[in-house]
Amino acid sequence: MAKLNFGGTEENVVTREEFPLKKAQETLKNEVVAVIGYGVQGPGQALNQRDNGINVIVGQRPGKTYDKAVADGWVPGKTLFNIEEALEKGTIICFLLSDAAQIELWPTVKKYLTPGKALYFSHGFGITYKERTGIVPPTDVDVILVAPKGSGTSLRRMFLQGRGLNSSYAIFQDATGKAYERVVAMGIAVGSGYLFETTFKKEVYSDLSGERGTLMGAIQGIFAAQYEVLRANGHTPSEAFNETVEELTQSLMPLVAENGMDWMYANCSTTAQRGALDWWKPFKEASKPVFEKLYAEVAAGNEAQRSIDSNSKTDYRVKLEEELKELRDSEMWQAGKTVRSLRPENQK
């Protein structure tokens with residue numbers, strides 16, 4: 001473990017140089033990693049581990065995701081099993097179902113957590129809000145977390161490109177004395193760039209805030225606000241979308257990802273620089289109270305409860321589709337669909 005200094009704040013991090021894949025393979029050589037769930041995180045983490053030479057199996061109920069697992073090369077009866085059989089075989093249980101599904105399946109999972117096993121999460125939700133979820137692990141198993149900072153799709157795509165998606169790691173319970181080696185080895189095995197230390201509580205607080213904030217909620221709100229102002233002032237859908245979304249995602253954000261916001265500012269026109277420097281603080285002042293309210297709601301458990309209540313309903317998928325349809329059918333994202341189709345790589 002290394003210590004990095006970020007402006008006076010020290011953090012514990014693990015890089016692939018100090019904990020290479022070979023060391024991860026050695027650490028996990030006697031483990032059977034059972035990935036439970038093949039939805040959002042499951043495919044990327046399972047496939048990356050398989051390609052990295054880890055003994056990994058998948059547990060999934062019959063249905064679309066089971067069929068997807070078969071299409072991805074998991075073999076029924078050899079590397080693909082029903083959930084109960086995978087839980088029995090696994091020594092490290094990767095609990096990668098949705099938060100609501102974890103609550104539902106927990107009584108089954110708990111039965112198979114025999115002494116010495118490890119229970120692995122990629123989200124701190126179930127443990128942090130245990131009074132609401134009922135997820136309380138036995139005291140004789142390791143409880144660890146590796147949370148890639150992106151979707152399972154991104155994790156897999158970056159792995160295939162020879163890159164790594166940064167992840168946080170945490171240890172909630174070290175029953176065997178091997179929890180640190182297990183969690184870091186798993187972090188490397190699933191394809192992390194580097195690993196930074198956190199806790200289950202901090203992971204879920206930052207994750208829920210980020211998803212509702214700059215990663216998804218806030219960015220959609222800002223997109224919609226600017227697009228609507230441009231359209232109200234006579235700009236065409238194509239112009240409004242290009243200035244709001246396309247230039248940001250296709251041109252500027254890749255520069256920020258490569259070298260940082262300051263470098264991106266320095267490599268824009270002087271007019272853009274002046275405007276950005278003048279306006280970023282008013283936007284910060286306008287949005288910071290919203291972020292403070294959001295974080296308070298997360299810390300109070302209100303966001304978690306809303307998620308549990310909503311996602312546990314039998315008609316959840318129907319209502320979700322209705323809300324997603326509102327986004328999908330909005331003029332802004334219909335314009336986006338057209339603009340993306342006109343990119344050179346999408347032209348026949």
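The first residue in the sequence is number 1, and the count goes up from there.
In summary, the side chains of Q305 and Y129 do not present any donor paired with an acceptor at a separation below 3.5 Å, with no hydrogens or angles considered. In this structure, a donor-acceptor pair under 3.5 Å is absent between the side chains of T108 and E84. Side chains of Q250 and E246: no donor on one and acceptor on the other come within 3.5 Å.
Of the possible donor and acceptor atoms, one in the side chain of S330 sits under 3.5 Å from a partner among the backbone N and O of L327. Judged by distance alone, the side chain of Q45 and the main-chain N or O of G152 form no donor-acceptor pair under 3.5 Å. Between the side chain of N82 and the backbone N or O of E85, at least one donor-acceptor pair lies under 3.5 Å. Of the possible polar contacts, one joining the T244 side chain to the A240 backbone as a donor-acceptor pair under 3.5 Å is found. With hydrogens and angles disregarded, no donor-acceptor distance shorter than 3.5 Å links the side chain of E247 to the backbone of N242. Although no hydrogens or angles enter the test, the distance criterion places no donor-acceptor pair under 3.5 Å between the side chain of T65 and the main chain of G39. Judged by distance alone, the side chain of Q60 and the main-chain N or O of L80 form no donor-acceptor pair under 3.5 Å. S209 places no side-chain N or O within donor-acceptor distance of the main-chain N or O of S206, the cut-off being under 3.5 Å. Remark: the backbone N or O of R340 is paired with a side-chain donor or acceptor of N346 at under 3.5 angstrom.
Between M186 and C94, the closest heavy-atom pair is CE-SG, 3.6 Å. Annotation for A335 and F241: closest pair CB-CB, 4.2 Å, computed over non-hydrogen atoms. Among all heavy-atom pairs drawn from F291 and G213, the shortest one is CE2-CA, 3.7 Å. Taking both residues in full, the closest heavy atoms of P237 and E331 are given as CG-OE2, 3.9 Å, listed atom of the first, atom of the second, then distance. In this structure, D278 and P282 approach most closely via the heavy-atom pair O-CD, 3.4 Å. In terms of heavy-atom proximity, K202 sits nearest to T198 at CB-OG1, 3.3 Å.
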Verdict with supporting geometry, S122 and Q41, side chain to side chain donor-acceptor pair (under 3.5 Å): CA-CA 8 Å; S122 284; Q41 279 289 334; 4.9 Å; no

Test side chain to side chain contact (heavy atoms under 4.5 Å, CB included) applied to R274 and T270, step by step: CA-CA 6 Å; R274 183 69 270 143; T270 54; over 6 Å; no

Assess whether side chain to side chain donor-acceptor pair (under 3.5 Å) is satisfied between E203 and S168, documenting all intermediate values. CA-CA 8 Å; E203 190 284 328; S168 59; 5.1 Å; no

Could you go through the side chain to side chain donor-acceptor pair (under 3.5 Å) check for S192 and S167 one step at a time? CA-CA 6 Å; S192 301; S167 302; 2.8 Å; yes

Under the criterion side chain to side chain contact (heavy atoms under 4.5 Å, CB included), I'd like the reasoning laid out for F196 against V14: C-alpha separation, chi angles, the key distance, then a yes or no. CA-CA 6 Å; F196 59 94; V14 181; over 6 Å; no

In sequence, state the C-alpha distance, the side-chain angles, and the governing distance for S154 and S151, and then conclude on side chain to side chain donor-acceptor pair (under 3.5 Å). CA-CA 5 Å; S154 298; S151 69; 3.1 Å; yes

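Contact annotation: the side chain of N55 never approaches that of E31 to less than 4.5 Å [non-hydrogen atoms, C-beta and beyond]. Two residues are said to be in side-chain contact when any heavy atoms from C-beta on lie closer than 4.5 Å; V141 and Q173 meet this criterion. By the 4.5 Å heavy-atom criterion applied to side chains, T79 and V56 are not counted as neighbours. Side-chain contact between V190 and V146: present, with at least one pair of heavy atoms (C-beta onward) separated by less than 4.5 Å. Here the side chains of Y194 and F19 are not in contact, with every heavy-atom distance at 4.5 Å or above. In this structure, V109 and F95 have side chains that are in contact, with non-hydrogen atoms separated by less than 4.5 Å. In this structure, the side chains of I57 and V33 stay at 4.5 Å or more apart for every pair of heavy atoms. The shortest side-chain heavy-atom distance between E197 and E11 does not fall under the 4.5 Å cut-off.
Interatomic distance, CD1 of I135 versus NZ of K110, reported as 10.5 Å (0.5 Å rounding). Of the inter-residue distances, the one linking E297 atom CD with K293 atom NZ reads 6.5 Å to the nearest 0.5 angstrom. Annotation: the span from D99 atom CG to L208 atom CG amounts to 8.0 Å, rounded to 0.5 Å. A distance of 10.0 Å separates CD1 in I188 from NZ in K23, rounded to the nearest 0.5 Å. Taken from CD in Q102 to CD1 in I308, the straight-line distance is 10.5 Å, to the nearest 0.5 Å. Note that OH of Y205 and CD of E303 are 12.5 Å apart. Values are rounded to the nearest 0.5 Å.
Residue E292 qualifies as enclosed at atom CD: its count of foreign heavy atoms under 6.0 Å is above 12. Residue R343 places its CZ atom among more than 12 non-hydrogen atoms of other residues, nucleotides or ligands, all under 6.0 Å distant. Around atom NZ of K201, no more than 12 heavy atoms belonging to other residues, nucleotides or ligands sit under 6.0 Å away. Other residues, nucleotides and ligands place no more than 12 heavy atoms under 6.0 Å from the CD atom of E88. Atom CD of Q220 has more than 12 heavy atoms from other residues, nucleotides or ligands within 6.0 Å. M216 CE: 12 or fewer foreign heavy atoms inside a 6.0 Å radius. Within 6.0 Å of the CD atom in Q161, the count of heavy atoms belonging to other residues, nucleotides or ligands exceeds 12.
Taking 4.0 Å as the cut-off between side-chain N and carboxylate O, K29 and E26 count as a salt-bridged pair. With salt bridges taken as basic N to acidic carboxylate O contacts below 4.0 Å, one links K68 and D72. For R182 and D142, the salt-bridge test passes: some basic side-chain N is under 4.0 Å from an acidic carboxylate O. The existence of a salt bridge linking E181 and K178 is excluded, since no basic side-chain nitrogen approaches an acidic carboxylate oxygen closer than 4.0 Å. The existence of a salt bridge linking D51 and R156 is confirmed by a sub-4.0 Å separation between a basic side-chain nitrogen and an acidic carboxylate oxygen.
Both Y120 and I54 belong to a common hydrophobic cluster when Ile, Leu, Val, Met, Phe, Trp and Tyr are linked at side-chain heavy-atom distances under 4.5 angstrom. Connection of M264 to L277 is established within a shared hydrophobic cluster, with ILVMFWY side chains joined at heavy-atom distances below 4.5 Å, either directly or through further cluster members. Each of F200 and Y169 belongs to its own hydrophobic cluster when Ile, Leu, Val, Met, Phe, Trp and Tyr are linked at side-chain heavy-atom distances under 4.5 angstrom. Under the 4.5 Å side-chain heavy-atom criterion for ILVMFWY residues, no single connected hydrophobic cluster contains both L97 and V40. Hydrophobic clustering, with ILVMFWY side chains joined whenever heavy atoms are under 4.5 angstrom apart, keeps V32 apart from V35.
By the 30° and 60° cut-offs, the orientation of the rings of W74 relative to Y38 is perpendicular.
Partner of Y112 under the side chain to side chain contact (heavy atoms under 4.5 Å, CB included) criterion, out of L87, I93, L119: L87 alone.
A cation-pi arrangement is present between K89 and F81 under the rule of less than 6.0 angstrom and at most 45 degrees off the ring axis.
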